[in-house]
Amino acid sequence: TKQYVDTVFSSKTKDPLLPVFRADGQDMLSVYDQTKQACDYARKYQSPCVLLYRNLVRRFGHAATDRQDAYLDADVIQAMADTCVLEGSIRQAIEVLEYTTYAELCDRFENIQQKADRAFQTAISESKVTLDDMLGKVSVPLAQLPERGTAFNSTKNTEKPQVMRKHMTRVIEEALSEDPSVVYLGEDVRHGGYYLVTEGLAKKFPQRVLDFPPDETTLMGAALGFSQLGMTPIVEIPYAKYLDCGVDMFYEIAVQHWLTAPDSTNAKQKRGMIVRMQGFDRGLFGGNFHTHNSLAHIPPGVDVVCYSNGQDYVRGFRHALWQAKHGRIVMLVDCTNLLNLRHVHGKDRAWEHAYPTDPTDMVDFDQVFRYSSVDATSETNPNQDDSTELNHQRARIAIVTYGNGVVTSLQARKGLVDQKVVGGEDEIDVIDCPYLSSVPAGLEKMLGDYDHVLFADICKEGPGSNVFSSMITSLHQRGSLPESWGFVGAPRTYNPLGSTVTFLNQDTIEEAMAKLLNQC
């Protein structure tokens with residue numbers, strides 16, 4: 001390490017753009033003086049600098065597994081053990097600075113030792129952690145939703161139907177308008193972001209729509225800082241694959257929120273955050289690094305959702321923001337193909353939706369959506385009875401999917417009718433399951449209605465890539481699967497530039513469904 005530091009930060013090669021401040025680690029006055037100079041420089045010029053603490057000897061190696069005798073001589077090891085920075089600091093404080101006396105420090109040392117002994121005795125008498133404790137505190141409990149406003153049921157929505165991207169921009173503006181603690185940060189977001197989702201927002205909120213350089217670790221770290229200050233950050237990851245670059249900080253955020261989750265003795269909880277991970281699934285631009293379709297990074301306690309249309313996105317985003325304000329971390333996965341999609345079949349404009357104007361209109365994590373025909377959609381809330389579902393006629397077959405898979409499954413349903421695999425579209429329901437971190441209660445409740453279920457995952461098949469594999473395992477363990485079920489996902493390969501051949505498509509779903517029905 002010494003040779004590395006001497007080479008990189010040599011006093012002979014001075015960099016005017018990166019000043020180096022050097023402190024003697026065994027001299028308290030030097031440490032104070034150089035640290036103050038470095039801090040003053042960084043604050044004054046808003047620029048980075050380097051602060052080196054030299055002559056700090058590690059007495060006993062990194063850890064018990066650090067075999068110093070494998071690379072250091074015995075004399076060197078002994079000299080390091082004999083060098084104690086604390087002893088030198090005590091000597092300097094007493095004999096040079098005359099700040100205190102040996103007797104005073106001895107009394108203080110004994111007082112600290114007694115406190116440590118008492119704390120240890122308290123700790124060993126406490127009840128030990130259990131698995132239930134760990135599972136119950138993996139994240140902040142879900143916050144109870146606010147009551148829906150009277151406008152939700154009494155006012156007809158006269159909004160013009162729009163594509164999903166327009167609704168996304170509007171709901172982010174809604175969040176920034178209603179709460180000054182909300183801040184939006186990402187790469188080029190002041191200019192609209194990579195998909196124009198933040199177009200025009202920087203002009204309306206110049207202090208709270210913030211650009212960061214293309215460094216996802218720094219971006220996620222800044223979001224953590226905002227949440228610790230009591231703000232609610234919305235972080236835009238420009239392409240899903242880019243989360244790999246900041247995944248260590250992403251996991252650190254999840255762990256820190258787990259460590260600080262409130263319990264019976266600590267009711268205060270810092271804010272969580274929303275992570276908007278866009279550039280996901282089917283697309284032609286940029287190949288595998290810009291059309292990533294794998295969800296490997298889902299730490300415990302993080303809520304992952306993927307909505308299929310603008311109307312659900314708005315309602316789901318409001319719920320995500322509500323939970324983030326109460327301490328949870330929510331990641332929204334946005335499918336590129338859906339942002340400007342208008343049509344499902346031909347020029348039907350079926351994927352344009354009206355904006356839900358009631359700010360209390362939300363979709364919670366347990367809700368799923370059932371498309372029983374092209375024109376009839378209902379949602380299932382596990383806290384309501386079946387009589388609340390609209391226009392649902394008994395179908396014996398279901399395709400469970402999410403995000404871009406919803407549109408693809410609706411197209412596959414029509415294709416299965418055209419191929420006479422089924423007699424009509426009313427025989428197949430498409431179930432949109434936006435919540436991906438665990439099995440939504442609404443999905444488990446709904447599966448009992450069907451004889452055959454096909455899970456169509458837009459992520460890649462294989463270990464560590466998709467979300468439905470683990471859901472299926474959980475449902476099987478609970479006895480909630482029908483006897484006839486199947487799974488299909490995107491091929492386990494990389495996505496080429498300028499082609500969509502490797503994504504989950506209509507033909508793949510049709511083939512999987514035909515195979516499932518032929519086995520019965």
Side-chain angles (χ1 to χ4, degrees), residues 157-212 219 223 226 231-240 242-243 273-283 285 290 304-325 330-343 349-363 403-404 406-407 434:
N157 193 330
T158 58
E159 291 280 325
K160 177 184 177 181
Q162 295 276 13
V163 295
M164 186 173 183
R165 178 176 62 85
K166 296 288 188 179
H167 289 346
M168 295 164 73
T169 304
R170 185 168 170 181
V171 75
I172 295 170
E173 180 180 352
E174 178 184 289
L176 290 164
S177 298
E178 293 183 355
D179 187 346
S181 76
V182 175
V183 59
Y184 195 98
L185 53 155
E187 300 167 17
D188 289 330
V189 294
R190 291 184 61 83
H191 309 291
Y194 289 17
Y195 290 102
L196 301 180
V197 173
T198 56
E199 184 75 10
L201 295 183
K203 292 182 179 179
K204 298 177 180 179
F205 310 98
Q207 303 300 319
R208 291 189 287 133
V209 178
L210 308 174
D211 268 345
F212 275 73
L219 184 60
F226 277 117
M231 304 187 75
T232 308
I234 305 170
V235 192
E236 179 182 300
I237 303 295
Y239 295 100
Y242 289 15
L243 183 60
M273 68 182 68
I274 289 179
V275 179
R276 270 201 62 238
M277 192 171 74
Q278 58 182 21
F280 189 76
D281 194 39
R282 185 182 303 172
F285 166 72
H290 299 83
V304 180
V305 285
C306 182
Y307 295 103
S308 66
N309 62 79
Q311 191 173 65
D312 294 342
Y313 190 95
V314 170
R315 300 163 67 204
F317 186 94
R318 289 170 179 157
H319 178 246
L321 186 65
W322 178 261
Q323 298 300 340
K325 290 178 180 179
V330 187
M331 182 166 73
L332 279 75
V333 181
D334 300 340
C335 297
T336 304
N337 185 60
L338 296 175
L339 298 184
N340 298 294
L341 185 69
R342 299 181 185 275
H343 313 294
R349 305 181 81 92
W351 229 240
E352 293 178 341
H353 295 85
Y355 188 87
T357 54
D358 180 2
T360 63
D361 184 4
M362 301 182 187
V363 173
N404 196 55
V406 174
V407 173

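As the structure is a computational prediction, the values presented were derived from the model and not from experiment.
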request  = Using the side-chain contact (heavy atoms from CB on, under 4.5 Å) rule, take Leu341 and Met164 through it: C-alpha gap first, then chi angles, then the decisive distance, then the call.
outcome  = CA-CA 7 Å; Leu341 185 69; Met164 186 173 183; over 6 Å; no
task = Side-chain contact test, heavy atoms from C-beta onward, threshold under 4.5 Å: evaluate it for Gln278 versus Leu339 and give yes or no.
result = no
Taking every non-hydrogen atom, the tightest pair across Leu185 and Pro233 = CD2-CB, 3.9 Å
request  = Could you go through the side-chain contact (heavy atoms from CB on, under 4.5 Å) check for Leu219 and Ile237 one step at a time?
outcome  = CA-CA 9 Å; Leu219 184 60; Ile237 303 295; 4.1 Å; yes
query = Any sub-3.5 Å donor-acceptor pair from Arg208's side-chain atoms to Leu176's backbone N or O?
reply = yes
Sidechain-backbone polar pair: Ser308 side chain, Gly403 backbone, donor-acceptor under 3.5 Å = no
task = Over all heavy atoms of both residues, which pair between Thr198 and Gly192 is shortest? Give the atoms and the distance, please.
result = OG1-C, 3.0 Å
ask   = When rounded to the nearest 0.5 angstrom, what distance separates CE in Met168 from CG in Leu332?
value = 8.0 Å
request  = Find the distance between CG (Asp361) and CZ (Arg315) and round it off to the nearest 0.5 Å.
outcome  = 4.5 Å
inquiry  = Any side-chain to backbone donor/acceptor pair from Asp188 onto His191? Under 3.5 Å, distance only.
reply    = no
ask   = Can you tell me how far OH of Tyr195 sits from OH of Tyr239, rounded to the nearest 0.5 angstrom?
value = 4.0 Å
message = Can you tell whether the side chains of Glu159 and Arg170 come within less than 4.0 Å, N to carboxylate O?
response = yes
note = In this structure, CE of Met231 is separated from CG of Asp179 (nearest 0.5 Å) by 8.5 Å
query = Which word best sums up how the rings of His353 and Trp351 line up, parallel for under 30°, tilted for 30 to 60°, or perpendicular for over 60°?
reply = perpendicular
inquiry  = Just to verify, which of Phe280, Tyr313, Tyr307 counts as forming a side chain to side chain contact (heavy atoms under 4.5 Å, CB included) with Asp334?
reply    = Tyr313
remark   = Here the gap from Asp281 atom CG to Thr336 atom OG1, rounded to the nearest 0.5 Å, amounts to 7.5 Å
Asn340 side chain reached by Arg165 side chain, heavy atoms, under 4.5 Å = yes
From Lys166 atom NZ to Glu352 atom CD, the distance as rounded to the nearest 0.5 Å = 11.0 Å
request  = Check step by step if side-chain contact (heavy atoms from CB on, under 4.5 Å) holds for Val182 and Lys325.
outcome  = CA-CA 9 Å; Val182 175; Lys325 290 178 180 179; 4.2 Å; yes
Shortest non-hydrogen contact between Ala320 and Val330, atoms and distance = CB-CG1, 3.6 Å
query = Is a donor on one side and an acceptor on the other found under 3.5 Å between the side chain of Asp211 and the backbone of Val189?
reply = yes
request  = Show the numbers, then the answer: is there a side-chain contact (heavy atoms from CB on, under 4.5 Å) between Tyr242 and His290?
outcome  = CA-CA 8 Å; Tyr242 289 15; His290 299 83; 3.0 Å; yes
message = Looking at Glu174 and Arg318, is there a salt bridge between them, counting it only when a charged N and a carboxylate O are closer than 4.0 Å?
response = yes
request  = Measure across His167 and Ala354 and return the closest heavy-atom pair with its distance rounded to 0.1 Å.
outcome  = NE2-C, 3.7 Å
ask   = Counting N and O atoms only, with roles assigned by atom type, does the side chain of Arg190 sit under 3.5 Å from a partner on the main chain of Pro206, one being a donor and the other an acceptor?
value = yes
inquiry  = Are Glu178 and Pro359 packed together at the side-chain level, in the sense that at least one heavy-atom pair is separated by less than 4.5 angstrom?
reply    = yes
ask   = Which pair of heavy atoms, one from Val197 and one from Thr169, lies closest together, and at what distance?
value = O-OG1, 2.6 Å
